[in-house]
Amino acid sequence: MSGSEKSFYLTTPIYYVNDAPHIGHAYTTVAGDFLTRWHRQKGESVWYLTGTDEHGQKVMRTAEANGTKPQEWCDRLVESAWKPVWRDLEIAYDDFIRTTEPRHTERVANFLQGLMEKGYIYEGKYEGPYCVGCEEFKLPGDLDDGKCKIHSKPVEIVKETNWFFKLSEFVPKLIDHYKKNPSACEPESARSEVLAFLEGGVSDLSISRSTFDWGIKVPWDSKQVVYVWFDALLNYATAVGLTDGKESAGGKKFEQTWPADVHLVGKDILRFHAVIWPAMLMAGGISVPKKVFAHGWLLVGGEKMSKSKLTGIAPSDITSHFGVDAFRYYFMRAIPFGSDGSFSWEDMSARYTSELANDFGNLASRLTAMIEKYCGGVLPARAESKELSQSLAKTVDVADKAICALDFQSGINAIMDFCKEVNGYVTATEPWAVAKDPMRKAELDAILYNTAESLRALAILLYPIMPISTTKLWGYLGAESALGALDKQVISKASSWGQLSPGAKISKGEILFPRLEEKIASDTKN
RNA sequence: GGCGGGGUAGCUCAGCCUGGUAGAGCAAGCGGCUCAUAAUCGCUGUGUCGUGGGUUCAAAUCCCGCCUCCGCUACCA
């Protein structure tokens with residue numbers, strides 16, 4: 001990849017460091033990892049950013065409640081809770097940004113100063129219902145008959161002098177943008193909501209706070225800190241050098257990555273990303289992201305997983321039983337990205353057993369066992385099944401289109417269908433029967449080679465979603481010495497037939513996806 | 001209140017735009033096979049298609065009302 005090629009740049013939201021990550025955070029981050037790994041596997045230059053959002057009142061309070069300073073609290077949580085989870089889940093991010101890092105705070109200040117100079121910032125009064133119990137401004141929806149829903153106490157109307165961003169000025173441009181670029185906000189339902197919201201009228205945004213000080217100081221007004229969302233959204237651009245001089249390292253990085261190709265967001269924070277963020281960029285004279293993609297919720301028992309419930313499910317609760325690959329696979333395969341999806345332990349168990357253990361794992365198992373048994377563990381001569389190779393070519397094509405369009409379910413489905421087809425091929429050709437007749441040795445060899453080749457392709461295609469088990473498989477197939485590392489295999493060439501070299505050592509290693517004990521008891525709340 | 005989406009086999013869902021004997025996967029039952037992780041292959045059953053009307057020779061599919069779940073949005077005051 002040449003240094004000047006525009007990178008495929010994908011971001012996750014930066015997560016609020018209030019608490020440890022739950023499976024909702026992991027869902028988004030795994031999706032981003034899957035898609036970026038896929039693009040890397042296509043041979044593209046890729047930049048994958050995730051990180052943490054560390055400013056704001058809530059973090060400050062949580063820190064206080066835990067008897068520490070905000071910065072210490074963030075440091076501790078990032079190192080002990082967040083990064084380890086991403087490591088465990090095999091998240092291969094290229095950069096991890098924290099909003100308390102100087103590279104972020106300095107660039108936010110620069111950017112804001114720029115908006116000020118361009119006249120998009122003005123001083124105004126924020127007036128709104130304020131609950132003393134919560135110490136928070138409330139939205140109309142948070143109120144019940146004029147009282148705070150949480151405290152059941154009347155709210156006060158409080159006025160605060162803040163700096164405002166002329167958000168309303170960009171409404172027509174935003175509407176125009178989303179009307180002209182359907183792919184700028186997906187899925188379609190999300191785009192419709194954004195348009196409806198924009199057309200309903202949008203007022204200017206208060207972008208500073210004076211009631212607490214855990215935040216980035218407004219450059220020209222040290223009594224105010226930048227509103228946490230205004231601060232946080234900028235991370236996507238500050239992380240790659242926003243506001244740096246063109247010839248500087250940061251400037252070059254920015255040139256190479258911006259605009260972002262995809263911002264992955266949960267649908268709860270869609271509006272921030274699809275309205276405020278592009279308006280900020282427009283004001284700064286910077287191009288807007290190519291796509292904001294809002295994914296759905298995870299449902300449990302048909303109900304929306306509540307935040308408190310979600311917190312209860314740590315990724316490790318699932319990975320300790322099913323393993324990391326199955327975790328990654330399940331959420332991408334079972335839930336249409338963009339729609340809400342039901343998650344249940346039972347469904348996950350069923351898919352694990354049927355799709356991973358019985359279809360994929362078992363295919364690897366039967367092939368390697370037969371090569372050990374019938375060929376002394378040595379891959380026989382090249383052969384080609386036209387049917388399999390053509391089907392594979394089609395599979396790669398379909399999967400690539402779907403995955404690049406963020407239709408992960410269809411993409412993985414196509415790959416797993418091919419896996420099923422290969423299983424069918426083995427069953428239909430009956431190598432175990434052919435093996436009984438020494439005269440049919442060539443036929444036997446061909447069947448086994450074709451099956452091995454199919455598995456070679458499956459390892460490549462499934463690597464982005466299941467890096468651990470496919471790497472094992474790559475080893476079983478003795479592929480590395482001839483073909484190199486698995487992550488260097490290019491998607492577009494995966495279907496060219498006959499890559500495994502005859503004579504390679506094939507071994508039946510440990511089972512890829514062992515059958516799991518029924519695990520219900522410890523999980524049902526007794 | 002307005003807008004949008006959903007309610008189809010035990011489970012998750014497709015079909016609905018372009019009406020014509022109700023589909024897939026998983027689960028379940030029966031039989032076969034044995035290379036494989038009690039794997040796999042073949043066969044089998046399953047549904048008042050939320051509800052009440054209407055249009056039509058014919059409606060899950062089109063039209064109207066209603067119930068219900070969800071999301072966005074507005075507001076009672």
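By convention in this document, chain letters (A, B, ...) are assigned in the order of the sequence lines, proteins followed by strands, and residues within each chain are numbered from 1.
- Remark: P of B/G25 and CD1 of A/Ile415 are 20 Å apart, rounded to the nearest angstrom.
- In this structure, B/A14 makes no Watson-Crick or G-U wobble pair, since no nucleotide meets both defining distances under 3.5 angstrom.
- Electrostatic pairing of A/Lys386 and A/Glu384 counts as a salt bridge here, judged by a charged N lying under 4.0 Å from a carboxylate O.
- Summarising the geometry, the separation between CZ on A/Arg515 and C1' on B/U37 is reported as 7 Å, rounded to the nearest angstrom.
- A/Leu356 has its CG atom 18 Å from the P atom of B/G25, to the nearest Å.
- Checked against the 6.0 Å centroid criterion, the rings of A/Phe331 and A/His295 do not qualify as a close aromatic pair.
- Legend: residues meeting salt bridge (Lys or Arg N to Asp or Glu O under 4.0 Å) with A/Lys290, ordered by chain and number and at least two apart, are A/Asp261.
- Residue A/Gly361 is classed as a base contact, given a heavy-atom separation below 4.0 Å to a base.
- Separation of the P atoms belonging to B/U55 and B/A60 is 16 Å when rounded to the nearest angstrom.
- For the C1' atoms, the distance from B/A74 to B/C3 is 10 Å, rounded to whole Å.
- Residues passing the salt bridge (Lys or Arg N to Asp or Glu O under 4.0 Å) test with A/Glu169: none are found, sequence neighbours excluded.
- When each of A/Arg333 and A/Phe197 is assigned the nucleotide of RNA chain B with its nearest heavy atom, A/Arg333 is the one assigned upstream, toward the 5' end.
- Each of A/Tyr122, A/Tyr227, A/Phe230 was compared with A/Phe164 under the ring-ring contact (aromatic ring centres under 6.0 Å, His included) criterion, and only A/Tyr122 meets it.
- For the P atoms, the distance linking B/U44 with B/C67 amounts to 43 Å, nearest Å.
- When the P atom of B/G25 is taken as reference, atom CE of A/Met348 falls 22 Å away, rounded to whole Å.
- The 5' end of RNA chain B is approached more closely, in terms of each residue's nearest nucleotide, by A/Ala357 than by the other of A/Ala357 and A/Gly424.
- Nucleotides B/G6 and B/U18, compared at atom C1', are 23 Å apart to the nearest Å.
- With both pairing distances under 3.5 Å, B/U46 is matched to nothing as a Watson-Crick or G-U wobble pair.
- Residue pairs meeting the ring pair (Phe, Tyr, Trp, His ring centres under 6.0 Å) criterion with at least one partner in residues 405-426 of chain A, sequence neighbours excluded, are A/Phe34-A/Phe408, A/Phe337-A/Phe408.
- Spacing between atom CD of A/Gln409 and atom P of B/C13 amounts to 10 Å, rounded to whole angstrom units.
- Atom P of nucleotide B/C72 and atom CG of A/Asp340 are separated by 10 Å, given to the nearest angstrom.
- Rounded to a whole angstrom, the distance from the C1' atom of B/A24 to that of B/A9 is 11 Å.
- Taking atom C1' on both B/G47 and B/C30, the two are 22 Å apart, rounded to the nearest angstrom.
- When both distances must be under 3.5 Å, the Watson-Crick or G-U wobble mate of B/U40 is B/G32.
- In the set B/C72, B/U40, B/A38, the nucleotide with an atom closest to the side chain of A/Glu193 is B/C72.
- Taking atom CD on A/Glu199 and atom C1' on B/G4, their separation rounds to 14 Å, with Å as the unit.
- By the salt bridge (Lys or Arg N to Asp or Glu O under 4.0 Å) test, A/Glu355 is found to be paired with A/Arg333, A/Arg351, residues two or more places apart in sequence or in another chain being considered.
- Nucleotide B/G65 is matched to B/U51 when pairs are restricted to Watson-Crick or G-U wobble geometry with both distances under 3.5 angstrom.
- We find that NZ of A/Lys267 is positioned 14 Å from P of B/G5, with the value rounded to whole Å.
- A distance below 6.0 Å separates the ring centres of A/Phe343 and A/Tyr330.
- Taking atom C1' on both nucleotides, B/U21 is separated from B/G31 by 29 Å, rounded to a whole Å.
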Each nucleotide N or O in nucleotides 26-35 of chain B that has a protein N or O under 3.5 Å away: list the pair and distance.
{"unit_1": "B/C35", "atom_1": "O2", "unit_2": "A/Arg366", "atom_2": "NE", "d": "3.1"}
{"unit_1": "B/C35", "atom_1": "N3", "unit_2": "A/Arg366", "atom_2": "NE", "d": "3.4"}
{"unit_1": "B/C35", "atom_1": "N3", "unit_2": "A/Arg366", "atom_2": "NH2", "d": "2.7"}
{"unit_1": "B/C35", "atom_1": "N4", "unit_2": "A/Arg366", "atom_2": "NH2", "d": "3.3"}

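- B/G1 and B/A28 have their P atoms separated by 45 Å, with the value rounded to a whole Å.
- Nucleotide B/C72 is matched to B/G2 when pairs are restricted to Watson-Crick or G-U wobble geometry with both distances under 3.5 angstrom.
- Taking A/Val262 as the reference, A/Phe8, A/Leu10, A/Leu264, A/Lys291, A/Phe293, A/Leu406 meet the side-chain contact (heavy atoms from CB on, under 4.5 Å) condition, with sequence neighbours excluded.
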